[in-house]
Enquirer: 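Pasting a structure below so you can have a look.
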Protein chains: 2
Amino acid sequence: MDMDNMQVKILKALAHPTRLKIVKKLLKGTLCVCELNEDIDFSQSNLSQHLKILREANILIQEKDGLRVNYSIKSEEVTQLIFIVEKIVEKEIKNLTKQMGGE
Amino acid sequence: MDMDNMQVKILKALAHPTRLKIVKKLLKGTLCVCELNEDIDFSQSNLSQHLKILREANILIQEKDGLRVNYSIKSEEVTQLIFIVEKIVEKEIKNLTKQMGGE
DNA sequence: TTAGTATATTAGAATATTGTAATATACTTA
DNA sequence: TAAGTATATTACAATATTCTAATATACTAA
């Protein structure tokens, strides 16, 4: 796979509400699947499928520990990426409210 | 739309080989549709559809100038986002080659 | 006004992604 | 060993995305 496709794979993996939610939960640190499953509204198998996509995109790493499987964010850059996307949206919202005030 | 969905919209817009290519072309500066269309292998209508998605995700801005329509990257953060994704992939590749050398 | 040029939109078939239910695997403990 | 628990995989129907071809719009120039 070439670099462009690898980049698309990362972006695609993050471009889903459930998966973005999972990654954001992991910003604070490692969690096992059971913890990720807690306040989430979809099935266990679905969560597992999303985790696989995030693993294969090299966004998360998996560590087995007995019955449990722990997931964590693989690199600092992924965290930075999330923050930048958040910043872009914050700016958008700021612009929108500014426009509304001026009219 | 809430913040999470806006973030997903941005990531989704970038998560396509053609659209990522378009945005990368625009990293160097503004281009009109005709210039974007040059060494690209798909139809004009398809390019136009991709540009619409990038516009609606607030990634690009459009400026009309007579017959031409110019596109440019809306914010510095988008540029940063692209660089970070590139960095993640570079690191991945470095790790892969390291593993291969060690085995 | 008419013709030409650049870009956008629409419709629809082909393809990809999604979520659920059922099943499988892997580990632990009795 | 068998039963139980946590997680992963598979199959598939439902939904979303993609690209192309055809058509529409918007501007310019004759």
Side-chain angles (χ1 to χ4, degrees), chain A residues 1 4-26 29-74, chain B residues 1 4-26 29-74:
Chain A
M1 185 156 37
D4 281 2
N5 279 327
M6 288 169 83
Q7 290 169 19
V8 167
K9 197 172 184 181
I10 291 169
L11 290 163
K12 237 178 191 169
L14 293 171
H16 186 284
T18 300
R19 292 195 292 267
L20 190 59
K21 200 170 171 181
I22 292 169
V23 175
K24 283 187 184 179
K25 273 194 159 195
L26 291 170
T30 301
L31 292 172
C32 71
V33 177
C34 54
E35 288 167 313
L36 288 168
N37 217 354
E38 269 170 18
D39 65 346
I40 271 179
D41 46 346
F42 41 86
S43 66
Q44 177 269 320
S45 78
N46 194 9
L47 172 58
S48 192
Q49 285 168 333
H50 285 307
L51 288 170
K52 187 182 188 182
I53 290 169
L54 289 166
R55 243 188 298 131
E56 288 180 349
N58 270 298
I59 290 169
L60 299 185
I61 47 175
Q62 188 195 50
E63 284 174 302
K64 304 205 178 188
D65 174 23
L67 268 180
R68 299 198 165 191
V69 179
N70 294 312
Y71 278 88
S72 47
I73 291 180
K74 191 168 179 183
Chain B
M1 189 160 26
D4 281 3
N5 280 327
M6 290 170 82
Q7 291 169 18
V8 167
K9 197 173 184 181
I10 291 168
L11 291 163
K12 237 179 189 168
L14 293 171
H16 185 284
T18 299
R19 292 195 291 267
L20 190 60
K21 200 171 173 183
I22 292 169
V23 175
K24 283 187 183 179
K25 274 194 157 194
L26 291 171
T30 301
L31 291 172
C32 71
V33 177
C34 54
E35 288 167 312
L36 288 168
N37 217 355
E38 269 170 17
D39 66 346
I40 272 180
D41 47 345
F42 41 84
S43 65
Q44 177 269 318
S45 78
N46 195 8
L47 172 58
S48 193
Q49 285 168 335
H50 285 307
L51 287 170
K52 187 181 187 182
I53 290 169
L54 289 166
R55 244 188 298 130
E56 287 179 349
N58 271 299
I59 290 169
L60 300 185
I61 47 174
Q62 187 194 50
E63 285 174 301
K64 305 206 177 188
D65 173 23
L67 268 180
R68 299 196 164 192
V69 178
N70 294 311
Y71 279 86
S72 47
I73 290 180
K74 191 167 179 184

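What you see below is based on every heavy atom in this structure, not just the backbone, and it leaves out hydrogens, waters and symmetry mates. The structure displayed is predicted, hence computed values, not measured ones. In what follows, every chain begins at residue 1, and chains take the letters A, B, ... in the order their sequences are listed.
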Enquirer: Taking the side chain as every heavy atom from C-beta outward, state whether Leu51(A) and Leu36(A) have any atom pair closer than 4.5 Å.
Expert: yes
Enquirer: How close or far is atom C1' of dA8(C) from atom CG of Asp65(B), stated in whole angstroms?
Expert: 17 Å
Enquirer: Is there a side-chain contact between Gln49(B) and Lys52(B) in this structure, where contact means two heavy atoms from C-beta onward sitting under 4.5 Å apart?
Expert: no
Enquirer: Categorize Glu35(B) for me: base, sugar-phosphate, or nothing, with a 4.0 angstrom heavy-atom threshold over every strand shown.
Expert: nothing
Enquirer: So does Glu56(B) have more than 12 non-hydrogen atoms from other groups sitting under 6.0 Å from CD?
Expert: yes
Enquirer: Separation of Gln62(B) atom CD from dA8(C) atom P, in whole Å?
Expert: 5 Å
Enquirer: If you take atom types as modelled and just measure distance, does the side chain of Gln44(A) reach the base of dA6(D) with a donor-acceptor pair under 3.5 Å?
Expert: no
Enquirer: I need the CG-P distance between Asn37(A) and dA8(D), as an integer number of Å.
Expert: 10 Å
Enquirer: I want to verify a distance call: between dT18(C), dA6(C), dT20(D), whose nearest atom is closest to the Ser43(B) side chain?
Expert: dT20(D)
Enquirer: In whole Å, what is the span from the CG atom of Asn46(B) to the C1' atom of dT17(D)?
Expert: 11 Å
Enquirer: Pick the nucleotide of DNA chain D nearest each of Arg19(B) and Lys52(A); which residue has the one closer to the 5' end?
Expert: Lys52(A)
Enquirer: Of all the choices, dA8(C), dA8(D), dT28(D), which nucleotide is nearest to the side chain of Leu67(B) once you look at every atom?
Expert: dT28(D)
Enquirer: I'd like to know if Ser45(B) reaches the base of dA21(D) with its side chain such that a donor and an acceptor end up less than 3.5 angstrom apart.
Expert: yes
Enquirer: Ignoring hydrogens and angles, answer whether the base of dT10(C) and the side-chain atoms of Gln49(B) contain a donor-acceptor pair closer than 3.5 Å.
Expert: yes
Enquirer: Just compare dA8(D), dT7(D), dT7(C) and give me whichever is closest to any side-chain atom of Cys32(A).
Expert: dT7(D)
Enquirer: Rounded to whole angstrom units, what separation is found between the CG atom of Leu51(B) and the P atom of dA6(C)?
Expert: 16 Å
Enquirer: Whole angstroms only, please: what is the CD1-C1' distance between Ile53(A) and dA16(C)?
Expert: 11 Å
Enquirer: Taking the six-membered ring for Trp, are Phe42(B) and His50(B) parallel (under 30°), tilted (30 to 60°) or perpendicular (over 60°)?
Expert: perpendicular
Enquirer: Check whether any side-chain N or O of His50(B) sits under 4.0 Å from OP1 or OP2 of dC19(D), and answer yes or no.
Expert: yes
Enquirer: Nearest to the Arg68(A) side chain among dA8(D), dA6(D), dT7(C), which nucleotide is it?
Expert: dA6(D)
Enquirer: Does dG19(C) have its OP1 or OP2 closer than 4.0 Å to a side-chain nitrogen or oxygen of His16(A)?
Expert: yes
Enquirer: Could you check how far CD of Glu38(B) sits from P of dA6(C), rounded to whole Å?
Expert: 12 Å
Enquirer: Hey, does the side chain of Tyr71(B) come within less than 4.0 Å of dA6(C)'s phosphate (OP1/OP2), counting only N and O?
Expert: no
Enquirer: Separation of Leu47(A) atom CG from dT18(C) atom C1', in whole Å?
Expert: 14 Å
Enquirer: Is Lys64(A) touching bases, backbone alone, or none of the nucleic acid, heavy atoms closer than 4.0 Å?
Expert: nothing
Enquirer: Would you say Asp4(B) and Lys24(A) make side-chain contact, with heavy atoms under 4.5 Å?
Expert: yes
Enquirer: Using side-chain heavy atoms (C-beta onward) and a distance below 4.5 Å, is Gln44(A) in contact with Ser48(A)?
Expert: yes
Enquirer: Judged by each residue's nearest nucleotide on DNA chain C, which is more toward the 5′ side, Asn70(B) or Phe42(A)?
Expert: Asn70(B)
